[in-house]
Protein chains: 2
Amino acid sequence: MTATPGLRRDAQANLEKLRVAALAVFSRRGLSAPLEDIAREAGVSIGTLYNRVGSREELIDAVVDNLAGEKLKALRDRTLEAETPRAQLETFITEMIDLQLSDPAMNDAMLRRYPDAVLLINACERSMALGAELVETAHVAGVLSDEFTPEDLMTVLWMAGMASHDPAAPHGWRRVVDRSVSAAWTDHPNS
Amino acid sequence: MTATPGLRRDAQANLEKLRVAALAVFSRRGLSAPLEDIAREAGVSIGTLYNRVGSREELIDAVVDNLAGEKLKALRDRTLEAETPRAQLETFITEMIDLQLSDPAMNDAMLRRYPDAVLLINACERSMALGAELVETAHVAGVLSDEFTPEDLMTVLWMAGMASHDPAAPHGWRRVVDRSVSAAWTDHPNS
DNA sequence: GTAGAAAGTGAGGGGCATCTCAACATATGC
DNA sequence: GCATATGTTGAGATGCCCCTCACTTTCTAC
């Protein structure tokens, strides 16, 4: 993809193998998976991993597009397709939670573990900014209580993230999350 | 306290020193504090710690009364002093959250880390059973929506626990927690 | 071809915590 | 007193994971 110039051909290839492996391992086991596993899956030594990417954070950033970027972009698109401010915010929330549920890496991302993975954090911030906009739009449209702030949205998503991969979380966490949002609507479902 | 018979006098004393140290360290740093630190604080070697108590879980259970039992009992008492079902449940919730906020060990306990610390888990279960009763009493009294189940209470407390010692938690988590409860009342504050 | 720069390798060192065990100490019963 | 069962000790083994670096291999430009 992004041919890094001044990199020997084998190094380039290894970097690519590492990207592929990192993507697979991160997606399966989350962003805290042992780097040794990624090197092994790439068919490369741990030393090479460190030669190519200086740290876990850089490795994350090297795969951020496939890891999170695309998914968040798709989420944004589907969100903006919705017709009403309410439907938009609802789409945003449910899809974000689904993402967290289905993808341990996305979950780690949204929870800001690895705050030094700059590109990843940026991608998350952008999504959160969209979320905040949707909240404000809903306020202006008069369909969402002013009591429900953008920060409340962050909280609700944070909670979903924490719950979604904790076996000790109460089974009914989703009820509470859903209700926290649905209680804030001030309209009938189609405005 | 509980003189364990068939234990030599010095061993008995060391066990007591370990209890004291464990209580202090757990309270300060949570139930996952290194056992070496507890041994050091007790003025005893790590080997002795393992001789006296076979594992972290047993050590937790050995101090469970002072660690959680008393506090939970006090909480129960203050809860039952309240005059109305609503006031009782409110007391229970706010005091439980305060406990989690102020005491890392209580937090670990309520979150069921260390599920093998049997006595600790029992103590927590008892508190949770009280919470569930209060919810049901409030239902019967007609002051709490039937939509708010005992499991919702667990969820809310779990969430508070997760948030209270996570620096990455959104600042406004308490808003959402409080609202999840207050939205469920069906009366005016004094029934 | 070949030299020399670039890259690959993986054993090993470091951190952190758990847990063990052979050598050493002491309380207790006779 | 003294034998001995009972305790204590702490260095070191184990388990994870991170990261480095002296040595080997491979590319590539000439």
Side-chain angles (χ1 to χ4, degrees), chain A residues 2-22 24-26 28-63 104-105 108 113-117 120 165, chain B residues 2-22 24-26 28-63 104-105 108 113-117 120 165:
Chain A
T2 315
T4 314
L7 207 52
R8 232 169 65 178
R9 199 163 286 168
D10 51 349
Q12 190 69 240
N14 282 339
L15 181 51
E16 196 48 38
K17 284 193 265 176
L18 281 167
R19 283 208 194 97
V20 172
V25 174
F26 283 152
R28 282 204 301 274
R29 322 233 304 257
L31 298 181
S32 58
L35 295 184
E36 306 251 7
D37 289 3
I38 293 174
R40 193 174 325 111
E41 178 134 346
V44 134
S45 84
I46 183 65
T48 294
L49 187 152
Y50 278 98
N51 283 345
R52 289 302 117 248
V53 299
S55 65
R56 161 175 254 112
E57 281 74 16
E58 284 181 44
L59 183 53
I60 293 173
D61 276 351
V63 294
D108 289 336
R113 289 144 185 181
Y114 307 104
D116 294 339
L120 180 64
H165 288 86
Chain B
T2 316
T4 313
L7 207 53
R8 233 169 63 178
R9 199 163 286 166
D10 50 349
Q12 190 69 241
N14 282 339
L15 182 51
E16 195 48 38
K17 283 193 266 176
L18 280 166
R19 283 209 195 94
V20 172
V25 173
F26 284 151
R28 284 204 301 273
R29 322 234 303 258
L31 298 182
S32 57
L35 296 183
E36 306 252 7
D37 289 4
I38 293 174
R40 193 174 324 112
E41 178 133 347
V44 133
S45 84
I46 183 64
T48 293
L49 186 152
Y50 278 97
N51 283 346
R52 290 299 117 253
V53 298
S55 65
R56 160 173 257 115
E57 282 74 16
E58 285 181 43
L59 182 53
I60 293 173
D61 276 351
V63 295
D108 289 336
R113 289 147 183 176
Y114 307 104
D116 295 338
L120 180 63
H165 288 86

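Here is the naming used below: chain letters follow the sequence lines, and residue numbers restart at 1 for every chain.
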Stepwise side-chain contact (heavy atoms from CB on, under 4.5 Å) test for A/Asp108 and A/Ile60: CA-CA 11 Å; A/Asp108 289 336; A/Ile60 293 173; over 6 Å; no
Under the side-chain contact (heavy atoms from CB on, under 4.5 Å) rule, collect the residues that match up with [X], sequence neighbours excluded.
{"X": "B/Asn51", "result": "none"}
{"X": "A/Ser55", "result": "A/Glu57, A/Glu58"}
{"X": "A/Pro34", "result": "A/Arg29, A/Asp37"}
{"X": "B/Ala62", "result": "B/Arg19"}

Grab the [atom1]-[atom2] distance between [X] and [N] for me, whole Å please.
{"X": "A/Leu31", "N": "D/dC18", "atom1": "CG", "atom2": "P", "result": "13 Å"}
{"X": "B/Arg40", "N": "D/dG10", "atom1": "CZ", "atom2": "P", "result": "12 Å"}
{"X": "B/Leu18", "N": "D/dT8", "atom1": "CG", "atom2": "C1'", "result": "12 Å"}
{"X": "A/Ile38", "N": "D/dC19", "atom1": "CD1", "atom2": "P", "result": "12 Å"}
{"X": "A/Leu35", "N": "D/dT20", "atom1": "CG", "atom2": "P", "result": "12 Å"}
{"X": "A/Tyr114", "N": "D/dC17", "atom1": "OH", "atom2": "P", "result": "11 Å"}
{"X": "A/Tyr50", "N": "D/dC19", "atom1": "OH", "atom2": "P", "result": "4 Å"}

Counting only pairs under 3.5 Å, give me each side-chain donor-acceptor contact of residues 41-48 of chain B, with atom names and distances, residues two or more places apart or in other chains.
unit_1	atom_1	unit_2	atom_2	d
B/Glu41	OE1	B/Arg28	NH2	3.0
B/Ser45	OG	B/Gly47	N	3.2
B/Ser45	OG	B/Thr48	N	3.2

Range on DNA chain C touched by chain B - first to last nucleotide, heavy-atom distance under 4.0 Å: C/dA17 to C/dT28
Annotated protein contacts, base or backbone, on nucleotides 21-30 of chain D with a non-hydrogen cut-off under 4.0 Å, one of B, S, - each: -----BSS--
Between CG on residue A/Leu18 and CG on residue A/Leu49, distance to nearest 0.5 Å: 5.0 Å
Nearest heavy-atom neighbours spanning A/Phe26 and A/Val63: CD1-CG2, 4.2 Å
B/Pro34 vs A/Gly43, nearer the 5' end of DNA chain C by closest nucleotide: A/Gly43
Any residue meeting salt bridge (charged side-chain N to carboxylate O under 4.0 Å, His left out) with A/Asp10, in chain and number order, not counting sequence neighbours: A/Arg8
